[in-house]
Amino acid sequence: MRAGREALAITFLAPAVLAALEAQGMAKLYLEIENPLVRVLARMEEVGITIDRSELEGLHERLTTETRRLTDVLREVVGRDFNLNSPIQLRQILYEERGLSPTKKTKTGLSTDAATLEKLRYEWPEFIEPLLQYREVEKLRSTYAEGLLAEVAPDGRIHATFNQTVARTGRLSSDQPNLHNIPVRSDEGRQFRKAFITPPGHVLLVADYNQIELRCIAHLAEDPGLVAAFTAGEDIHTATAARIFSVPEEQVTIGMRSTAKMVSYGLAYGMEAYGLGQRLNIPTEDAAVILNAYFTAFPNVRDYMDGTVKEARTRGYTETLFGRRRPIPELSNANYRVRQAGERQAMNAGIQGLAADIFKVALVRLDQALEAAGYASRIILQVHDEVLVEVPEAEREAVGKLTVDTMRHAAELRVPLEVNTAFGRTWADAKT
DNA sequence: CGCGAATGCAA
DNA sequence: TATTGCATTCGCG
């Protein structure tokens with residue numbers, strides 16, 4: 001057991017503490033979820049995950065060569081030496097010397113982030129395009145190639161720390177290293193998942209909840225349209241797009257589906273028309289039309305959001321279905337912006353928090369079920385809605401079924417919980 | 001060396 | 001003016 005774990009542990013609560021929690025209706029949360037989870041996390045940390053060091057070293061070498069090449073290209077274009085990693089120096093080159101006009105500001109000046117550069121791309125492509133490439137490659141090189149190599153223990157495995165009391169919504173967090181943000185979206189980044197492997201005779205089981213946060217919204221809002229779509233097992237983004245744009249599902253285009261997806265996810269974060277417009281790169285007015293269409297199609301969702309904020313304002317905190325409370329003092333702050341941020345936090349807490357609670361129940365029960373059945377399979381990682389299990393070949397089929405079954409029934413909502421699984425020798429191979 | 005800011009990776 | 005995290009880098013004090 002890692003140092004600090006026992007201090008952090010909330011197991012063995014003093015009777016007085018338990019009585020206080022009971023009075024607040026929170027004893028169940030601690031006794032059935034948080035206390036047993038302490039042991040699950042300790043075991044995950046102890047077991048760790050096997051790393052193919054040479055795979056990481058190969059990536060490091062390739063990325064180092066590429067950053068050097070791009071550095072040369074960029075210095076050649078500008079005609080002098082400068083620090084590519086300094087936003088201040090980049091700002092000077094792009095906006096003072098070249099005279100470009102960015103669409104976004106930071107707290108201290110003009111922004112040079114990727115979204116901003118993307119919009120300026122064709123005004124100075126010979127500089128901005130290699131710069132965007134440099135940013136991507138340098139991120140992978142420094143954070144993932146160098147960062148992960150530095151964390152490989154003498155046993156050839158990475159033993160991250162999983163924090164139970166950091167995220168304010170009830171999620172777990174991971175550090176040293178953070179295994180919750182290993183790249184997957186870009187082809188280059190995804191290569192890092194090839195370095196996460198299993199010992200001989202074992203296979204990696206990856207099981208993830210399908211759309212769990214949206215299912216939580218459907219349940220909490222009791223929205224007939226959303227509940228019906230999930231119950232029917234439809235592709236939720238296509239179904240949503242059909243309702244937003246008032247077309248039959250067969251006529252939903254890729255773009256419409258993509259917009260619907262953006263709206264659905266933005267909802268859980270309290271996004272407004274301005275934010276949607278920014279992300280879709282369309283006028284705020286057009287984004288407002290889309291948002292209104294969404295709330296017309298799924299009216300209970302808006303009611304749920306409004307009700308959640310109102311309740312949180314009265315009580316000073318939000319509470320998940322399982323009794324997890326999050327104080328939100330920002331709701332009574334004198335500053336309008338701070339209050340608005342508090343409202344978004346209130347809207348998000350019940351949704352992200354419920355999903356986190358369900359996942360924690362699944363982790364505890366899966367760990368107990370594996371132990372009770374005498375399996376050698378071990379939970380080695382969780383990533384918010386996904387669990388990785390290291391499975392001896394002989395247990396493959398049985399543990400796959402047990403995992404799906406446990407996750408599906410961790411909670412009974414108004415909509416079914418669906419779980420996807422995949423097996424592989426590496427994390428990259430186990431694509432669900 | 002510590003810290004805030006900027007940036008970017010994930011769910 | 002979209003939530004929750006963590007790591008890296010720069011640049012200041």
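Letters A, B, ... are given to chains in the order of the sequence lines, protein chains preceding strands, and every chain is numbered from 1. Worth saying up front: this structure is predicted, and the values here are computed from it rather than measured.
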Q.
Has A:T308 got a side-chain atom pairing as donor or acceptor with A:Y304's backbone, closer than 3.5 angstrom?
A. yes

Q. Short question: side chain of A:R243, backbone of A:G225 - any donor-acceptor pair under 3.5 Å?
A. no

Q. When you measure from the side chain of A:T143, which nucleotide among B:dC9, C:dT8, C:dT4 comes out closest?
A. C:dT8

Q. Out of B:dC9, C:dT3, C:dC10, which has the shortest distance to the side chain of A:N83?
A. C:dC10

Q | Proximity to the side chain of A:Y274 - top-ranked nucleotide from C:dG5, B:dA11, C:dT1 | A | C:dT1

Q) Between B:dT7 and A:T112, is there an OP1 or OP2 to side-chain N/O distance shorter than 4.0 Å? A) yes

Q) Just checking A:Q340: base, sugar-phosphate only, or nothing, at a heavy-atom cut-off of under 4.0 Å? A) nothing

Q. Between the side chain of A:S142 and the main-chain N/O of A:E138, is any donor-acceptor distance below 3.5 Å?
A. yes

Q: Look at the side chain of A:R171 and the base of B:dA11, then say whether one donor and one acceptor between them are separated by less than 3.5 Å.
A: yes

Q: State which of B:dG8, C:dC6, C:dT9 makes the closest approach to the side chain of A:S142.
A: C:dT9

Q. Base, sugar-phosphate, or nothing for A:K107, non-hydrogen atoms under 4.0 angstrom?
A. sugar-phosphate

Q: Tell me what A:A268 touches on the nucleic acid: a base, only sugar-phosphate, or nothing, going by heavy atoms under 4.0 Å.
A: nothing

Q: Using a heavy-atom cut-off of under 4.0 Å over every strand shown, decide if A:G147 touches base, sugar-phosphate, or nothing.
A: sugar-phosphate

Q.
If we ignore hydrogens and angles and just use 3.5 Å, is the side chain of A:D208 paired with the main-chain N or O of A:D385 as donor and acceptor?
A. no

(Q) Salt bridge or not between A:R141 and A:E146? Use side-chain N to carboxylate O under 4.0 Å. (A) yes

Q: Report the nucleotide, chosen from C:dT4, B:dC9, B:dG8, that has the shortest atom-to-atom distance to any side-chain atom of A:A114.
A: B:dG8

Q | Carboxylate-amine/guanidinium proximity below 4.0 Å for A:R43 and A:E46 | A | no

Q: Nearest whole angstrom, please: distance from the C1' of C:dT3 to the CG of A:L354.
A: 15 Å

**Q.** Nearest to side-chain heavy atoms of A:N348, which nucleotide of C:dG5, C:dC10, C:dT3
**A.** C:dT3

Q) Any donor-acceptor pair under 3.5 Å joining the side chain of A:N181 to the base of B:dC9? A) yes

Q: Check the distance between B:dC9's P and A:K139's NZ and give it to me in whole angstrom.
A: 6 Å

(Q) Does A:L172 reach a base, just sugar-phosphate, or nothing at all? Heavy atoms under 4.0 Å. (A) nothing

Q | A:L179 CG - B:dA11 C1' separation (whole Å) | A | 14 Å

Q.
Closest approach to the side chain of A:V166, judged atom by atom: which nucleotide of C:dG5, B:dA11, C:dT1 is it?
A. C:dG5

Q | A:Q345 (side chain) and C:dT3 (base): donor-acceptor pair under 3.5 Å | A | no

(Q) Quick check on C:dG11: is either OP1 or OP2 less than 4.0 Å from any side-chain nitrogen or oxygen of A:S86? (A) yes

(Q) Using the side-chain heavy atoms of A:Q352, tell me which of these nucleotides is nearest: C:dG11, B:dA10, C:dT4. (A) C:dT4

Q.
I need the CG-C1' distance between A:L90 and B:dA6, as an integer number of Å.
A. 11 Å

(Q) Assuming nearest nucleotide by heavy-atom distance, tell me which of A:P177 and A:R326 is located more 5' along DNA chain C. (A) A:R326

Q: Determine, for A:E188 against A:R62, whether the closest basic-nitrogen to carboxylate-oxygen distance falls under 4.0 angstrom.
A: yes

(Q) Just to be sure I understand the rule, does A:I88 reach a base, reach only the sugar-phosphate, or reach nothing, if contact means heavy atoms closer than 4.0 Å? (A) sugar-phosphate

(Q) Check the phosphate of B:dA11 against A:R185, side-chain N and O only, distance under 4.0 Å to OP1 or OP2. Yes or no? (A) yes

Q: Please report, rounded to the nearest Å, how far the C1' atom of B:dG8 is from the CG atom of A:L132.
A: 12 Å

(Q) If the cut-off is 4.0 Å, is A:Q89 near the phosphate of C:dG11, judged by side-chain N/O to OP1 or OP2? (A) yes

Q: Just call it for A:T284: base, sugar-phosphate, or nothing, with non-hydrogen atoms closer than 4.0 Å on any strand.
A: nothing

(Q) Below the 4.0 Å mark, does C:dT4 have OP1 or OP2 next to a side-chain nitrogen or oxygen of A:T169? (A) no

Q | Spacing between A:R215 atom CZ and B:dA11 atom P, to the nearest angstrom | A | 17 Å

Q.
Output the rounded distance in Å from CZ (A:F162) to P (B:dA11).
A. 15 Å

**Q.** OP1 or OP2 of B:dA5 under 4.0 Å from side-chain N/O of A:T106
**A.** no

Q: Please state whether the phosphate of C:dC10, meaning OP1 or OP2, lies under 4.0 angstrom from any side-chain nitrogen or oxygen of A:N85.
A: yes

Q.
I want to verify a distance call: between B:dG8, B:dA10, B:dA11, whose nearest atom is closest to the A:Y269 side chain?
A. B:dA11

Q.
Can you measure A:N178 atom CG to B:dC9 atom P for me and round it to whole angstrom units?
A. 14 Å

Q | A:R168, nearest nucleotide to its side chain (from C:dA7, C:dT4, B:dT7) | A | C:dT4

(Q) Among A:E34, A:E32, A:Q164, which residue satisfies the side-chain hydrogen bond (donor to acceptor under 3.5 Å, both in side chains) criterion with A:K360? (A) A:E34

